[in-house]
Amino acid sequence: GENVEQHPSTLSVQEGDSAVIKCTYSDSASNYFPWYKQELGKGPQLIIDIRSNVGEKKDQRIAVTLNKTAKHFSLHITETQPEDSAVYFCAASTTGGGADGLTFGKGTHLIIQP
Amino acid sequence: ETGVTQSPTHLIKTRGQQVTLRCSSQSGHNTVSWYQQALGQGPQFIFQYYREEENGRGNFPPRFSGLQFPNYSSELNVNALELDDSALYLCASRPQGADGYTFGSGTRLTVV
């Protein structure tokens, strides 16, 4: 089955700086890669996703890049703000999270220092 | 507002008991998945239902079972509870043709 590794487990950045979280996956059949943000006491919230036929996707301060050959994808957050502090999860799946569901990484605790 | 509502929010059960967790999805969300999230870990896929039929299952034993109803609600049932079943249980749903899942806030289950 799929295996997703996520790094780092904790990331502390100064407010206004950029943050980058990296993930690798093992199953070359995976074709859908979402990123979720989870705040304390809440469920994961989808913030951006990318399909394998696209190399990069951007939404305001958030971007995701995908390297299919190397089987890794990254989340980039620019101009970080205090409200970006949360746990971020990457995930991978085939057929957009169908019969095998989403395989999640272990999460990155992002801390924005004022 | 997430659009996916789970109940109860917290639950304490004794080892060996059975539990039913409930989820109410948005209208039109005919795919629902359940995940188990242990403390400090990412969610793990339990199973998925599409139009009231199970169409995918993760590495969980048969004592984890589910139901999906025509009104876009669903249930997760766990029999013979074990201490290791203590976790946050998340329901996620999506409409047909969409990629992204909307997650509920979860039910925190504690088995003592």
Side-chain angles (χ1 to χ4, degrees), chain A residues 1-10 21 23-25 27 30-54 57 59 62 64 66 75 86-109, chain B residues 1-7 9-10 21 23-26 29-51 53-60 64 66 76 87-108:
Chain A
E2 175 65 276
N3 182 51
V4 175
E5 303 264 348
Q6 183 172 347
H7 300 279
S9 56
T10 303
I21 302 170
C23 289
T24 60
Y25 61 99
D27 188 350
S30 288
N31 61 1
Y32 175 66
F33 307 92
W35 285 88
Y36 284 86
K37 174 184 181 182
Q38 188 172 27
E39 297 173 295
L40 203 60
K42 297 185 179 180
Q45 176 193 3
L46 179 67
I47 56 172
I48 196 166
D49 56 6
I50 193 168
R51 277 203 163 265
S52 59
N53 58 349
V54 175
K57 185 176 178 181
D59 182 5
I62 294 172
V64 56
L66 171 65
L75 177 71
V87 180
Y88 290 80
F89 292 97
C90 62
S93 76
T94 57
T95 65
D100 294 331
L102 295 168
T103 301
F104 283 83
K106 291 190 174 182
T108 295
H109 186 191
Chain B
E1 189 81 24
T2 178
V4 177
T5 305
Q6 292 188 242
S7 62
T9 54
H10 296 81
L21 310 182
C23 173
S24 177
S25 299
Q26 292 174 269
H29 282 213
N30 51 19
T31 299
V32 64
S33 301
W34 286 87
Y35 288 80
Q36 180 194 67
Q37 186 176 22
L39 208 58
Q41 301 293 316
Q44 278 197 295
F45 176 63
I46 303 174
F47 48 58
Q48 176 166 288
Y49 279 76
Y50 173 68
R51 291 185 174 178
E53 296 283 334
E54 182 181 305
N55 73 339
R57 190 173 187 94
N59 190 26
F60 281 81
F64 286 78
L76 164 65
L88 180 69
Y89 288 86
L90 296 161
C91 168
S93 67
R94 67 176 184 181
Q96 188 163 356
D99 285 334
Y101 283 88
T102 300
F103 278 79
S105 293
T107 293
R108 172 72 62 187

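Just so it is clear: chains get the letters A, B, ... in the order the sequence lines come, proteins before strands, and each one is counted from 1.
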Side chain, backbone, both or neither of A/Gln38 within contact of chain B (heavy atoms, under 4.5 Å): side chain

Which atom of B/Phe103 lies closest to which atom of B/Tyr35, heavy atoms considered: CE2-CD1, 3.9 Å

Heavy-atom pair with the smallest gap, counting every atom of B/Gln96 and B/Asn30: OE1-ND2, 3.2 Å

Residue pair B/Gly104 / B/Leu90: nearest heavy atoms and the distance that separates them: O-CD2, 3.6 Å

Under 4.5 Å from a heavy atom of chain A, the part of B/Leu88 involved: side chain

Option in B/Gly106, B/Gly42, B/Pro43 with maximal non-hydrogen atom pairs under 4.5 Å from chain A: B/Pro43

Chain A interface, residue from B/Arg57, B/Gln6, B/Gln37 that has the most non-hydrogen pairs under 4.5 Å: B/Gln37

Heavy-atom closest contact (A/Leu75 atom, A/Ile48 atom, distance): CD1-CG2, 3.9 Å

Contact origin within A/Pro34 toward chain B - heavy atom pairs under 4.5 Å: neither

Parallel, tilted or perpendicular: ring planes of A/Tyr25 versus A/Phe33, cut at 30 and 60 degrees: tilted

